[in-house]
Amino acid sequence: MSGVEDLGRRHGRGRFKDLLWGIGVALSVLAVETAIEVLFGERPEPGPDRRAQYRRELRDYLIGIGLAILLTLVPFGLVHWPVLARSGLYLAIGACAIVQGAVHLRFFLHINPPRQNTDDLHLVLFTSLILFLMVGGTIWILGNLATRMH
Amino acid sequence: MNGQAVLHFVFGRLGFHWLPFWDMLQEPTKAHIVNDSIATFAGALVLFGGALTFLLLTWYRAWGTLWSKWLTSVDHKRIGIMYIVVSFVMLARALIEAALMRGQQAFGYGGGFLSANHFGQLFSTHGTIMIFFMAMPFLTGVINFVMPQQIGARDVSFPVMNSVSLGLTTAGAALVMISLDIGKFSTGGWSGYPPYTEASFQPGVGPDYWIWAVSLSTVASMLTGINFAVTIYKRRAPGMTFFRMPLFTWTALCTSILMIFAMPPLTVATALLALDRYLGFHFFTNDLGGNMMNFANIFWLFGHPEVYILILPAFGVYSEVFSTFSGKTLYGYVSLVIATMSIAVMSFWVWLHHFFTMGQSADVNAVFGTATMLIGIPTGVKVYDWMLTMYRGRVRFTVPMIYALGFIILFVIGGVSGIILANPSVDYQVHNTLFLVAHFHNMLIPGLLFGMLAAYHFWFPKAFGFRLDERWGMAAAVCWILGFMLAFFPLYALGLLGYPRRSLGYFDPIYTPYMEVAFAGAGVILAAFTCLLIQLFVSVRRRREYAVPAGDPWDGRSLEWSLPAPPPEYNFSVLPRVTGRDAFTRQKEDGTAYRLPQKFADIEMPKNSAMGMIVCVGGFLMAFALVWHMWWLVALSALGLAGATIGRGFARDTEKIIPAHEVEREHRRWLEQVAAVRPVSRERENDSANVGLAAHPLMQAAE
Amino acid sequence: MSIATILKHPGINLDTEPREDRVKAEELLFGFWVFVMSDAVVFGVLFGTYIIMDHARAGGPGPAELYDIKSAFIETLALLSSSFTYGMASLSLKYGTSRVPLVLWLCLTLVLAAVFLGFESHDFISMFQKGGPPTRSGYLSAFFALVPLHGLHVTSASIWMIMLIVQMTVYGVDRDVKLGLLRLGILWHFLDIVWIAIFSVIYLGGLA
């Protein structure tokens with residue numbers, strides 16, 4: 001879509017569709033990455049060497065903050081200096097958000113699917129399902145109603 | 001600042017014109033006199049009930065016991081009992097309201113005796129009370145009492161939070177009760193749809209009473225859900241894997257998961273409505289971009305899982321009742337577990353069927369309609385499993401079994417009406433008619449209520465050490481079954497004949513005969529409730545005759561029956577080691593039941609705490625102040641609640657030790673009691689010879 | 001359940017106390033994590049509401065007129081840094097021998113939280129001044145339900161942090177203080193995750 005129409009404000013729901021696409025792409029990337037880590041990743045044991053453990057955990061936080069800052073600078077930058085087309089922009093914002101969320105979960109909250117306690121994993125997965133149903137369902141239903149009322 | 005402003009600041013919008021007899025005094029028309037007399041009588045009953053309680057407590061010098069043994073107790077058994085007391089009180093009120101409504105509609109040809117506003121308040125309080133202040137406390141109380149014992153735990157994971165939940169629920173119930181004395185309740189139904197409940201249409205206190213009462217109950221249930229789920233996940237006795245838990249515990253787990261995830265949407269819905277009403281926001285208003293359809297959406301995101309919260313514990317009770325009173329292991333344990341979990345998960349994707357007619361496209365309706373029909377399948381599996389449990393068992397027609405048999409037939413009928421409603425095209429015809437009202441009462445009464453009454457009869461001996469009178473129990477059960485059928489089957493016909501729900505009266509005489517039968521049914525239900533009260537009175541009087549101190553009056557199968565009746569505060573002297581399902585039956589068959597443990601250890605239990613009471617009083621005051629716009633009291637009670645919470649964080653000495661020798665002494669005393677009594681076979685179950693010790697089934701063959 | 005599996009919970013895992021404390025910690029932390037999940041659903045429903053009301057402007061101002069991207073950027077960096085400083089506090093809780101670095105890192109976290117809240121309050125006030133109070137339109141109502149709710153959570157968490165510091169001065173870093181800090185850590189990181197969603201969906205989504 002190009003031309004004069006593009007310059008006008010896009011219909012509200014349209015951009016959230018792109019954002020959701022971005023989220024979907026990011027989730028798929030994450031799924032692949034998790035699979036790789038499960039299959040090939042190293043599993044360091046919580047050894048008796050506390051110094052090593054300390055350095056490992058410190059490293060986690062440093063990697064976390066580094067990635068998070070990057071994943072913050074990128075979307076803010078893309079909005080401030082518009083280089084991408086609209087739909088690509090929303091995709092990028094959504095993807096960065098999801099990946100940064102995962103970074104927080106992994107490096108700050110130490111939620112690590114291969115080694116995670118099963119009870120906690122049940123909980124996170126179930127909550128994600130509920131959020132998907134409730135938020136997705138709301139957008140679908142109310143969107144449908146809005147379309148039919150125009 | 002002048003006097004008026006001061007008064008207004010202190011008393012908010014309280015005023016004499018909110019008293020129930022005000023209109024009658026100002027303008028004595030027939031309508032005002034009739035309606036206000038009923039309202040004043042109800043308000044007077046509340047005050048009378050409160051005063052009577054106060055007087056009795058003072059007369060019997062029971063204040064100290066009440067405070068130290070009950071109100072500040074964090075024992076899950078005591079909290080469970082208190083929940084059930086609250087629910088019985090609220091059940092009484094809501095039943096009377098139901099009878100009034102049936103009466104109004106029986107005489108509704110040409111108008112009836114109630115005003116539209118009064119009728120509106122009645123159906124709103126009836127629904128709100130039955131769901132939030134009867135059903136939820138009842139099932140919460142039963143799970144609270146039973147579940148920790150069934151999993152071999154000493155208490156729930158967060159005992160003080162348990163007490164806080166009870167406090168919040170009671171505060172909400174008290175708020176609904178006080179609305180009888182001052183102010184009017186909402187006329188927007190238990191679902192409170194805007195824009196009718198917005199300030200522009202109902203600027204009075206009604207919807208605010210509804211919002212804050214429901215909010216208190218919602219927070220309580222959310223905390224309860226967390227408590228139960230963590231308890232079941234983390235406090236099971238050694239050897240009790242998930243697939244060795246009794247079915248009641250499984251349903252308790254799924255119920256608590258539903259509570260955790262379904263309550264947040266309701267919190268949001270009522271909070272957003274409150275923002276609209278109090279601060280002029282535009283979530284659901286007619287103007288400036290409000291979207292009232294979103295309220296229905298958010299409300300039912302909560303509402304649908306809520307009805308499964310209501311029914312799953314009942315399903316758990318029936319599983320216990322069917323297996324215990326057939327003397328057989330529950331049939332199809334794994335399928336029952338999977339069915340329960342499927343119902344819990346599926347309950348989150350059907351909510352749109354509550355508003356098929358709101359205007360979505362047929363495709364959207366079809367998806368949700370199909371999903372709704374799918375939920376019937378696991379429920380059907382459960383029904384077959386229960387029937388197969390009875391098959392080839394030795395069925396005993398005790399009171400809980402009568403409720404269960406009534407349930408299994410009547411609930412299926414209600415379920416079928418649900419499948420009918422699940423079809424959007426059919427639903428367009430009967431949505432919001434009495435057909436729908438018949439359907440959900442058909443699910444809730446034979447489903448939830450019979451289950452809770454069966455639970456009450458089943459576990460009462462465990463809680464208090466004596467059985468309930470069986471004959472009055474039978475009378476109650478039969479009256480409930482007959483009364484329900486008389487009161488609600490006509491409503492199916494009325495709905496198909498086009499009678500809308502929540503409608504005051506009518507001008508077509510064709511409805512009258514059905515309404516009259518329904519009114520008779522209401523009378524039978526009131527008789528049923530009276531039988532329950534008489535049963536309690538008679539049982540307390542005959543408690544020595546019905547005593548079952550040995551603890552196992554029904555030849556029970558799960559761990560709670562292995563404890564004395566009533567159990568000690570810490571439940572188990574030594575935590576059991578579980579090797580399979582039906583853990584207590586195993587113990588009885590192995591010969592390891594009633595053994596003296598080799599070693600006793602000190603037991604650490606939580607101390608009493610006043611937090612529950614503080615939250616109850618503070619929560620009530622804050623809610624009342626919000627309703628009446630007494631902002632200084634809102635701030636004060638909020639600060640009090642925050643202060644108490646922060647203060648609790650500083651508490652360090654919160655546990656007490658029960659020394660091993662005391663545990664041993666209690667245990668030995670109980671075992672001596674057990675050794676001194678004769679075990680009884682099931683034929684003598686309702687005899688005074690039943691002191692709570694069950695004969696080995698092989699022995700029964702010899703008798 | 002082996003020791004290794006017991007310890008792998010959200011937030012930092014302490015592994016030096018007696019076994020009874022670890023069992024109690026597990027129950028308490030799991031329970032808190034469950035609570036956080038229910039809170040996530042509250043935010044989720046509010047996000048859903050915002051998304052469907054985003055276009056309900058009622059002729060009033062929209063993101064372009066009301067949002068300040070620089071302010072949002074500063075708030076984001078402040079909150080993100082506070083997550084990092086809290087992480088450093090957690091490390092010093094687990095490995096440190098003295099109370100001093102712990103308290104210092106916590107105070108730094110509080111300062112960053114104050115910066116966040118200060119900028120956010122200023123944003124809200126300027127939105128009011130630009131003709132965008134919540135009573136103006138459905139879209140603004142949705143904004144003002146979601147974003148201040150997050151701010152309220154940050155405020156409450158900060159008060160909790162102050163109370164824990166006070167408890168530290170009274171009791172030292174005892175078991176209950178540690179358990180409180182672990183739970184607060186879960187809440188703090190969770191709030192930062194919610195903020196990621198807020199700045200992405202609301203601020204960047206609105207201004208892009």
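Below, read A as the first sequence line, B as the second, and so on, with proteins coming before strands; counting in each chain starts at 1. Note that the structure is predicted; figures quoted are calculated from it, not measured.
The line from OG1 of C/Thr49 to CG of B/Asn297 is 8.0 Å long, rounded to the nearest 0.5 Å. To the nearest 0.5 Å, the span separating CG on C/Asp176 from OG1 on B/Thr654 amounts to 7.0 Å. Rounded to the nearest 0.5 Å, atoms CG (B/Leu288) and OG1 (C/Thr135) are 8.5 Å apart. Atom-to-atom distance recorded for B/Ile646:CD1 and C/Ile162:CD1 is 9.5 Å, nearest 0.5 angstrom. Atom CG of residue B/Asp276 and atom OG of residue C/Ser141 lie 6.5 Å apart, to the nearest 0.5 angstrom. Distance check, rounded to the nearest 0.5 Å: CZ of B/Phe283 to CZ of C/Phe144 gives 11.0 Å.
Heavy-atom distances place no part of B/Thr267 under 4.5 Å from chain C, backbone and side chain included. With a 4.5 angstrom heavy-atom cutoff, C/Met163 touches chain B via backbone and side-chain atoms both. Both the backbone and the side chain of C/Leu28 have a heavy atom closer than 4.5 Å to some heavy atom of chain B. Residue contact with chain B, scored on non-hydrogen atoms closer than 4.5 Å, involves the backbone and the side chain of C/Phe35 alike. For C/Tyr171, the part sitting under 4.5 Å from any heavy atom of chain B is the side chain, from C-beta outward, and nothing else. With a threshold of 4.5 angstrom between heavy atoms, B/Phe158 approaches chain C through side-chain atoms but not through N, CA, C or O.
Atom CZ of C/Phe47 sits in a crowded spot, with more than 12 heavy atoms from other residues, nucleotides or ligands closer than 6.0 Å.
For the pair B/Arg652/C/Asp174, a side-chain contact is recorded, criterion being any heavy-atom separation below 4.5 Å from C-beta on. Using a 4.5 Å heavy-atom threshold, the side chains of C/Val166 and B/Phe650 count as touching. Side-chain contact between C/Leu46 and B/Leu272 is present, with heavy atoms from C-beta onward closer than 4.5 Å.
For the set B/Gly280, B/Pro264, B/Gly225, the count of heavy-atom pairs under 4.5 angstrom toward chain C peaks at B/Pro264. Between chain C and the options B/Arg235, B/Met222, B/His282, B/Met161, heavy-atom pairs under 4.5 Å are most frequent for B/His282.
Less than 6.0 angstrom separates the ring centroid of C/Phe30 from the ring centroid of B/Tyr233.
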